[in-house]
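Along the sequence shown, residues carry numbers from 1. Below, each value reflects all heavy atoms present in this structure, side chains not excepted, and no hydrogens, waters or symmetry copies.
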Amino acid sequence: DPKMYIDWEGSMDQYFEWYEMSEERKFKFAKTRLVRQARLYWNTLERMLVHRGVEPVTTWESMKIRLKEKYVPMTYKQKLIDQWQNLRQGSGSVTDYIAKFDEFVMRCNVDESESVTLSRFRAGLREEIQRELFMREVNDLEQAYQIARDAERFHRGPNYRRPDAPRTNTMNQQVVPSQPRFSRPN
């Protein structure tokens with residue numbers, strides 16, 4: 001899974017940023033953090049390099065290149081960008097849409113102006129929320145997130161309650177919904 005590898009690499013880079021180590025030491029430490037398939041792949045790669053008389057990998061940067069070649073297809077980033085481009089809120093909540101959108105922002109790591117990212121965000125929202133963002137002339141992504149959340153609450157009305165939220169009585173005590181009853185099969 002490319003996401004799993006990218007997350008692993010990112011956490012290793014963060015670790016190395018905190019603990020200063022030589023490239024060789026980073027490599028040795030990262031090698032101990034490989035598990036299952038990745039460990040098997042790495043051991044096989046090292047044996048193959050020795051067998052072919054090729055210089056072994058000894059640095060973290062070289063290791064990352066080899067692991068990316070194995071676990072992150074060349075088309076991964078383009079497919080991710082395509083998925084991001086086609087992301088739509090649909091019948092989901094604005095909060096869920098924002099969470100997915102933010103993940104694409106981070107994973108795609110595209111260098112684009114904020115106005116382009118904002119346009120991409122707006123395009124995936126339901127029409128009534130898009131209109132609200134245009135009417136308010138929003139030009140900041142964080143502001144757009146907040147206005148979209150507020151607009152959704154407004155459009156749903158004051159009595160809207162999330163289906164999974166516990167009900168409370170007038171004394172602010174939680175009311176446990178009655179459990180459905182099932183008859184036993186005969």
Show me the side-chain donor-acceptor pairs of residues 69-84 shorter than 3.5 Å, one per line, residues at least two apart or across chains.
residue : atom : partner : partner atom : Å
Lys77   : NZ   : Cys108  : O            : 3.3
Gln78   : NE2  : Asp82   : OD1          : 3.2

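- Residue Glu127 qualifies as open at atom CD: its count of foreign heavy atoms under 6.0 Å is 12 or below.
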Going by atom type alone, with no hydrogens or angles, which donor-acceptor pairs under 3.5 Å involve a side-chain atom of residues 141-148 and a protein atom two or more places apart or on another chain?
residue : atom : partner : partner atom : Å
Tyr145  : OH   : Asp102  : OD1          : 2.6
Gln146  : NE2  : Asp150  : OD1          : 3.1

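- Using a cutoff of 4.0 Å between basic side-chain nitrogens and carboxylate oxygens, Arg131 and Glu128 are not scored as salt-bridged.
- Applying the salt bridge (charged side-chain N to carboxylate O under 4.0 Å, His left out) test to every pair with at least one member in residues 28-42, sequence neighbours left out, gives these pairs: Glu24-Lys28, Lys31-Glu46.
- No donor-acceptor pair under 3.5 Å is formed between the side chain of Gln89 and the backbone N or O of Tyr97.
- Take Ser11 and apply the side-chain contact (heavy atoms from CB on, under 4.5 Å) test, not counting sequence neighbours, and it matches no residue.
- One N or O on the side chain of Arg126 and one on the backbone of Gly90 form a donor-acceptor pair closer than 3.5 Å.
- A donor-acceptor pair shorter than 3.5 Å can be found between the side chains of Ser113 and Ser115.
- Remark: Lys100 NZ is loosely packed, at most 12 non-hydrogen atoms of other residues, nucleotides or ligands lying under 6.0 Å away.
- Tyr15 and Phe29 have their aromatic ring centers within a separation under 6.0 angstrom.
- Counted within 6.0 Å of CZ on Arg66, heavy atoms from surrounding residues, nucleotides or ligands total 12 or fewer; the atom is thus considered open.
- The shortest non-hydrogen separation linking Gln130 to Ala123 is NE2-O, 3.2 Å.
- Taking Arg120 as the reference, Glu112 meet the salt bridge (Lys or Arg N to Asp or Glu O under 4.0 Å) condition, with sequence neighbours excluded.
- By the side-chain contact (heavy atoms from CB on, under 4.5 Å) test, Asp1 is found to be paired with Lys3, Met4, residues two or more places apart in sequence or in another chain being considered.
- The pair Lys26-Asp13 does not count as a salt bridge, with every side-chain nitrogen at least 4.0 angstrom from each carboxylate oxygen.
- A donor-acceptor contact closer than 3.5 angstrom is absent between the side chains of Gln37 and Tyr41.
- When all heavy atoms are compared, the tightest approach of Leu34 to Trp42 is CD1-CB, 3.5 Å.
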